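The model shown is predicted, which means the values in this text are computed figures rather than measured ones. When reading the values below, keep in mind they use all heavy atoms of this one structure, side chains included, and skip hydrogens, waters and symmetry mates. Residue numbers begin at 1 in each chain, while the letters A, B, ... track the order of the sequences.
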Amino acid sequence: MLDMKYIRENLDEAERRLSTRGGDSVLGGFRELDEKRRTLLKEGEALKALRNTVSDLIGRTKDKSQVQDKILEMRDVSQKIKVLDEELNQVDEQLNYFLLTVPNLPHATTPIGRSEADNVVVRSWGEPKELPFTAKPHWDLGEELGILDFERGAKITGARFTLYRGAGARLERALINLMLDLHTGEHGYQEVLPPFMVNRDSMQGTGQLPKFEDDLFKLVDPEFYLIPTAEVPVTNIHRGEILKKTDLPISYCAYTPCFRREAGSYGKDTRGLIRQHQFNKVELVKFVHPSQSDAELETLTGHAEKVLQLLGLPYRVMALCSGDIGFSSAKTYDLEVWLPGQSCYREISSCSNFGEFQARRASIRFREDEKGKPEFVHTLNGSGLAAGRTLVAVLENYQQEDGSVLIPPALLPYMGGLERITR
RNA sequence: GGAGAGAUGGCCGAGUAGGUCGAAGGCGCUCGCCUGCUAAGCGAGUAUACUGGGAAACCGGUAUCGAGGGUUCGAAUCCCUCUCUCUCCGCCA
């Protein structure tokens with residue numbers, strides 16, 4: 001959520017910065033709504049002030065017959081207040097909805113661009129492997145090795161659900177454990193295990209609602225939502241809180257499954273594990289002092305990269321352009337891992353700085369000075385990493401000519417002695 | 001699922017025959033005084049949001065006692081609905 005005062009005082013600038021995201025003007029109608037609100041507010045509050053003082057007088061008067069006329073007068077005033085309040089509530093609701101649907105301002109360093117094609121390669125690590133034989137995509141490897149059962153996943157639930165078996169299930173768990181151990185042991189994150197369903201307020205706090213309801217799985221009774229990422233429950237840990245400045249930065253990492261409707265992607269990535277309705281992910285979340293968020297995005301991205309480096313998986317870091325960053329994000333780096341089976345780079349992590357956008361929605365603050373006003377913290381998060389896609393990358397990069405898959409050295413301690421997955 | 005109790009400021013905790021309660025008191029915290037040091041003691045201060053005025057310091061208004069609605073000139077206090085917490089019983093991993 002943007003600062004209403006900022007929009008009020010810098011409407012043109014805000015509009016210009018938002019326009020770099022593409023699409024239509026988003027701030028139209030704000031001025032009118034805002035002014036209407038303040039007019040109603042002024043009028044209503046003046047009447048309330050009057051009522052308060054007169055009611056006070058009535059209260060002090062012992063003989064109520066002396067103030068009978070005042071009582072009648074205030075009865076009218078209250079009626080007027082009620083009408084104004086109702087009108088104000090409507091305007092507030094509109095304004096609030098409006099504010100909740102305006103995306104974040106792109107960061108000054110976010111490259112300007114229209115689409116994915118305008119994203120910028122920041123750096124690369126490792127050499128995309130040229131295998132000395134025809135590389136298979138992971139769905140073939142997984143089925144042939146009997147570790148990924150797409151048909152049964154579909155039978156049990158439906159399309160985009162997969163049953164992992166044996167070494168496949170073990171490999172996914174190994175990856176999750178490696179990531180958690182790395183981030184908690186080496187990078188200073190506290191591990192948390194949050195609820196996988198959240199309420200509406202939490203979804204609104206991080207920006208999924210009210211705009212992206214279609215992307216979510218929703219439970220009817222009670223009205224909960226399945227989390228599309230651990231970002232939601234973990235960022236909301238501190239919703240409505242004023243944090244101690246000395247506690248910042250706060251760093252959490254969490255393993256959770258993630259549930260996404262993937263509405264509007266019917267034709268895309270229909271094969272394999274790339275686009276599932278349920279997938280596993282280890283997420284990194286930080287609450288930081290506003291002056292530190294730029295630097296923290298770099299370190300957090302580095303923490304995610306470290307996983308790929310440990311696994312020996314070639315990747316590149318992309319700075320997403322203004323037209324491609326998410327609704328709540330000011331700046332995002334995507335990590336894209338090399339997949340020999342598909343001869344392309346695929347997103348495996350997304351690391352974002354949200355500035356105060358989420359903190360304002362969720363009211364997460366701190367005080368610069370003991371007596372100072374509360375200010376919003378900055379929030380960041382990044383996948384460290386998406387486990388399913390990491391498994392894909394391991395299978396495709398470590399496949400052998402005979403169809404077996406070697407276990408990367410970093411995972412050996414987690415695989416119970418298994419060094420190679422074979423049929 | 002059945003029966004009961006409760007939700008007040010950073011924390012604890014008053015306030016239930018409606019009025020001067022943004023809210024006593026205590027603790028904590030901040031500043032000052034005092035004091036070989038520490039502790040104790042003394043004094044002052046200590047919520048948030050919106051809004052009006054002001055360059056600012058700051059001053060004024062409104063709202064907030066779990067959330068929403070109602071009664072009333074006026075509600076932390078009365079009524080209704082919801083949420084959450086706790087205790088007992090049942091059930092259950």
* Asked: What residues, two or more places apart in sequence or in another chain, satisfy side chain to side chain donor-acceptor pair (under 3.5 Å) together with His238(A)?
  -> Glu241(A), Tyr252(A)
* Heavy-atom contacts under 4.0 Å between residues 26-39 of chain A and RNA chain B, which residues? -> Arg37(A), Arg38(A)
* Structure fact -> From the list Tyr97(A), Phe98(A), Tyr6(A), ring-ring contact (aromatic ring centres under 6.0 Å, His included) with Phe30(A) holds only for Phe98(A)
* Starting at the 5' end of RNA chain B, which residue's closest nucleotide do you reach first, Met74(A) or Lys5(A)? -> Lys5(A)
* If you look at every strand shown and take non-hydrogen atoms under 4.0 Å, does Arg8(A) touch a base, only sugar-phosphate, or nothing? -> sugar-phosphate
* Classify the angle between the aromatic ring planes of His303(A) and His187(A) as parallel (below 30°), tilted (30 to 60°) or perpendicular (above 60°). => parallel
* To do: In whole angstrom, give the distance that lies between atom CD1 of Ile242(A) and atom C1' of rU46(B).
  => 13 Å
* **All ring-ring contact (aromatic ring centres under 6.0 Å, His included) counterparts of Tyr333(A), not counting sequence neighbours** => none
* Asked: 5'-most contact on RNA chain B: Met4(A) or Lys70(A), nearest heavy atom basis?
  -> Met4(A)
* Nearest-angstrom distance from the residue atom NZ of Lys373(A) to C1' of rU46(B) -> 13 Å
* Can you name the salt bridge (charged side-chain N to carboxylate O under 4.0 Å, His left out) partners of Glu368(A), sequence neighbours left out? -> Lys245(A)
* To do: Go through the structure and list residues passing salt bridge (charged side-chain N to carboxylate O under 4.0 Å, His left out) with Arg17(A), not counting sequence neighbours.
  => Glu13(A)
* Set of salt bridge (charged side-chain N to carboxylate O under 4.0 Å, His left out) partners for Lys218(A), sequence neighbours left out -> Glu213(A), Glu223(A)
* Is the ring centre of Phe196(A) less than 6.0 Å from the ring centre of Phe259(A)? -> no
* Structure fact -> Residues at least two apart in sequence or cross-chain that pass ring-ring contact (aromatic ring centres under 6.0 Å, His included) with Tyr315(A), listed by chain then number, are Trp125(A)
* Structure fact -> Heavy-atom contacts, protein to nucleotides 53-72 of chain B, under 4.0 Å, summarised as B (base), S (sugar-phosphate only) or - (none) per nt, yield --------BBS------S--
* Asked: rC50(B) C1' sits how many Å from Glu43(A) CD, rounded?
  -> 17 Å
* To do: Assess the side chains of Ser328(A) and Asn104(A): does a donor N or O sit below 3.5 Å from an acceptor N or O?
  => no
* To do: Can you tell me the distance, in whole Å, between the CZ atom of Arg360(A) and the C1' atom of rU48(B)?
  => 15 Å
* Structure fact -> In RNA chain B, consecutive runs of at least three Watson-Crick or G-U pairs below 3.5 Å, as range with range, amount to B:1-7 with B:83-89, B:10-12 with B:25-27, B:28-33 with B:41-46, B:47-53 with B:58-64, B:66-70 with B:78-82
* Asked: Do any pairs count as a salt bridge (Lys or Arg N to Asp or Glu O under 4.0 Å) and have a residue in residues 354-367 of chain A, sequence neighbours left out, and if so which ones?
  -> Asp3(A)-Arg360(A), Glu356(A)-Arg360(A)
I'd like a table of donor-acceptor pairs (distance under 3.5 Å, sequence neighbours excluded) in which one partner is a side-chain atom from residues 406-414 of chain A, with atom names and distances.
from: Tyr414(A); atom 1: OH; to: Asp181(A); atom 2: OD2; distance (Å): 2.7

* Can you check each nucleotide of nucleotides 16-21 of chain B against protein heavy atoms at under 4.0 Å and return B for base, S for sugar-phosphate only, - for none, in 5' to 3' order? => ---BS-
* Asked: Do Asp56(A) and Thr53(A) get their side chains close enough for a donor-acceptor pair, meaning under 3.5 Å?
  -> no
* To the nearest Å, how far apart are Leu72(A) CG and rC73(B) P? -> 8 Å
